[in-house]
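Below: the structure, in structure tokens.
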Amino acid sequence: MRFICIPCALLVLLSISWTSAQDAKPTQNPRYLRPEAGSLDRGGTRMLQMGDKLYFTVNDTGEHQGALYCTDGTPEGTRLVRALPNPTLLAVMGSTLFVASGPELWKSDGSPDGTVLVKDLSDRAAPARFPVVFHDKLYFAGYDEAHGYELWQSDGTAEGTVLVKDIAKGADSSNPSHLIVFNDKLYFRAPQYRGYSDELWESDGTDEGTKVMHTSSLNASRKEAIVSFKEGLYFASTDALFRIDLTGNVTTIKRFSQQKRTPYVTSLTAAGDRLFFTVGNDAGGTDLWCSDGSAAGTKLVTGTHPSERISTTLCAFGEYVVFGRFETGAGWETWKSNGTEAGSVRLARSEFRGELRFEDYGTDLPHGNSFADATDYFVFRAYDHAHGEELWITDGSEPGTVLLADIQAGGKSSSPRDFGKFRGSVYFFADNGVLGTELWRTDGTAEGTRLFMNINAGVTGSEPWGFAVAGNSLLFQADDGVHGFELWRTDGSDQGTVLVRDCLPGELDSGITVLASSATHYYFTTAPVDDRGTLWVSDGTTDGTTEIAELPMRKVYQKDWGPYEAAFAGERLFMLVKAPEEVLELWTSDATRQGTQRLASFSKNSVFYGSKLVPAGDKVFANLRGQLWVSDGTVEGTTLVHDFDGWSSVGQMVGFEGKLFFAATDRVHGRELWVSDGTPEGTRMVKDIYPPRK
């Protein structure tokens, strides 16, 4: 089954990233030569919000060699604040924005006249680093020729921008890094003088109050070495874990020793009521440890085996950390742990050949088939030699992490999967060894864990899969041995667990491909016949499950049968489908037959892997190989907005306040920021931020 991710019309204002400089390479098509035009790509950076405006910087505009800009989200509200060479945003402090321009520190209130030089620190192009606001001042690592990189502070005035302390003395640098505020103190890492490892320092903002907090060296190459956890500041050296409490006392939680290798304690990550971290072992691998903040509560979670190692990237996920675990013969697998042996379980086998990394996965971690959080309990599947892969439960504690049900008794596995929460219970599919894979349910108790419905009587099982909620029903697919794989539902009762509709009558499977689910409806297509498929909608009832349209349906590259792209805009579903003769068509549906129609047909040259639908308000925008289209769900309201003449594809589309913001290239300006309200006259470059060189 293929789920299509429905794009969310949300612009995360503080983390916009522009197209990389790699996009600025000349095209290989000899018909087009790249103009001598600059691009936003070359200097794009993150945005910071101050008041009701967003601020961003652009480097090397040709005329200015860099500039500070602000925008209120409209073309006319996007303006140059001040030209600054090689600017970098630092921090917002109240109504003041701090910006580094090479070695210069600038501040801005958002106006050209209010954007002024605070202080020029040196003649060397060495910008401020690791900024943090503390006690209404900006603290940062700054450079001048007399002192090297050291700790500085600024109140926004020239006289108030001063060196806090010359830690390394003279022109040598202490290179303070990873500044963090805890318990009304500023903490940071700084190398031992002419050494190769770091010490932990603290500062109250004065020279005399800036001092070494702990002399055990922190390895400078290791990440996540300082973290706030349980009213304490925890930090790691190469061989130990330490804690600073609210009184300023430093406690050694645990020291680690290896006979052959340095332990390298690193990757401190707080999750729930535990602090997780990794420790190198003598076998050349990495072990996972956790701590509750006490020496007795600091213990090995998993590792030590010569064939095993843990990724040094840990991702907090509720009370668990998710990490990569490598074992010879198994490769890299996705695991999670709550700090207990029983609560350290495999989530999924990885297809990657290298170390797993999870920095940006967020809630998209590959967990959907492996566990379910049901408010006051957490069920998951886990393996042990005595029971095989079975259903377990945890309340987050070691005593509360137990086998819930040995569904297939003995060492064989019932392999519970596809957990779905519905009306206070968790539904899943499992094989008890007698009936095949069927529908099960648990309320979190052993006695409340039972076979919910034997849909296909006999030993083959109905092999159900895929949950979705529509209306008052939990929907899934199953084969009862009579109708083939079809759509089923349950309302939580035995009598309410029934076949919803035999979409393709007889024993043949319907070949359902799920498109999307709204709060009330479930859209899916059935397998095509002679390049024609059927679009269905269901509210979870038999009468409410109906064919609403016949769609052209062919494979697009290696994609499954079904629409190539789908997205909700307002209450309507929009779909891009591939028709015969390589034609791409735009369809829409409001869950009714009369409200389902083809809106437009595009040439075969429009069909390509990067086609996208992006909602903005109640409209949807489509990127079709350099052509930008918009639709309000009507034929007459489906129009070409702008044709970039095939010179460059539209990219990085995002809907914001009813408009589409995107990156695009034309032959005159290069790649810049554009905006569209869905009309040709309202589709324009926001600003030629990087103009052509004269």
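Hydrogens, waters and symmetry mates play no part in the numbers below; they use all other heavy atoms, side chains included.
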How about [X] and [Y]: does a side-chain donor come under 3.5 Å of a side-chain acceptor?
| X | Y | value |
| --- | --- | --- |
| H135 | D184 | yes |
| T247 | N249 | yes |
| W152 | E150 | no |

Please round to the nearest 0.5 Å and tell me the distance separating atom [atom1] of [X] and atom [atom2] of [Y].
| X | Y | atom1 | atom2 | value |
| --- | --- | --- | --- | --- |
| S228 | F182 | OG | CZ | 5.5 Å |
| L89 | L68 | CG | CG | 6.5 Å |
| Y187 | S203 | OH | OG | 10.5 Å |
| F621 | L628 | CZ | CG | 6.5 Å |
| T161 | L121 | OG1 | CG | 7.5 Å |
| D287 | T278 | CG | OG1 | 9.0 Å |

Assign the ring pair F277 / F256 to parallel, tilted or perpendicular, where the plane angle (0 to 90°) is split at 30° and 60°.
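The rings of F277 and F256 stand perpendicular, inter-plane angle above 60°.
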Hey, does the side chain of [X] reach the backbone of [Y] with a donor-acceptor pair shorter than 3.5 angstrom?
| X | Y | result |
| --- | --- | --- |
| R684 | E681 | yes |
| R274 | N338 | yes |
| S101 | P85 | yes |
| T679 | D677 | no |
| S154 | G156 | yes |
| S173 | N175 | no |
| S294 | G297 | yes |
| S337 | G339 | yes |

Using every non-hydrogen atom in the two residues, find where [X] and [Y] come nearest and quote the distance to one decimal.
| X | Y | value |
| --- | --- | --- |
| F242 | R255 | CZ-NH2, 3.9 Å |
| P112 | R79 | CD-NH1, 4.0 Å |
| G110 | Y55 | CA-OH, 3.1 Å |
| L660 | A616 | N-CB, 4.3 Å |
| F130 | P176 | CD1-O, 3.6 Å |
| D120 | P103 | OD1-CG, 3.9 Å |

Can you name the one residue among F140, F134, Y139 that meets side-chain contact (heavy atoms from CB on, under 4.5 Å) with K137?
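Between K137 and the candidates, side-chain contact (heavy atoms from CB on, under 4.5 Å) is satisfied uniquely by Y139.
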Would you please name every residue forming a salt bridge (charged side-chain N to carboxylate O under 4.0 Å, His left out) with K230, sequence neighbours left out?
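With sequence neighbours excluded, K230 shows a salt bridge (charged side-chain N to carboxylate O under 4.0 Å, His left out) to no residue whatsoever.
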So do F229 and R243 actually touch side chain to side chain, heavy atoms under 4.5 Å?
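Side-chain contact under 4.5 Å: no.
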In the structure I gave you, are the side-chain heavy atoms of V116 and K107 within less than 4.5 Å of one another anywhere?
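Yes, close enough: below the 4.5 Å cut-off.
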Is NZ or CZ of R129 both nearer than 6.0 Å to the six-membered ring centre of Y149 and within 45° of the ring axis?
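Yes, R129 lies over the aromatic ring of Y149.
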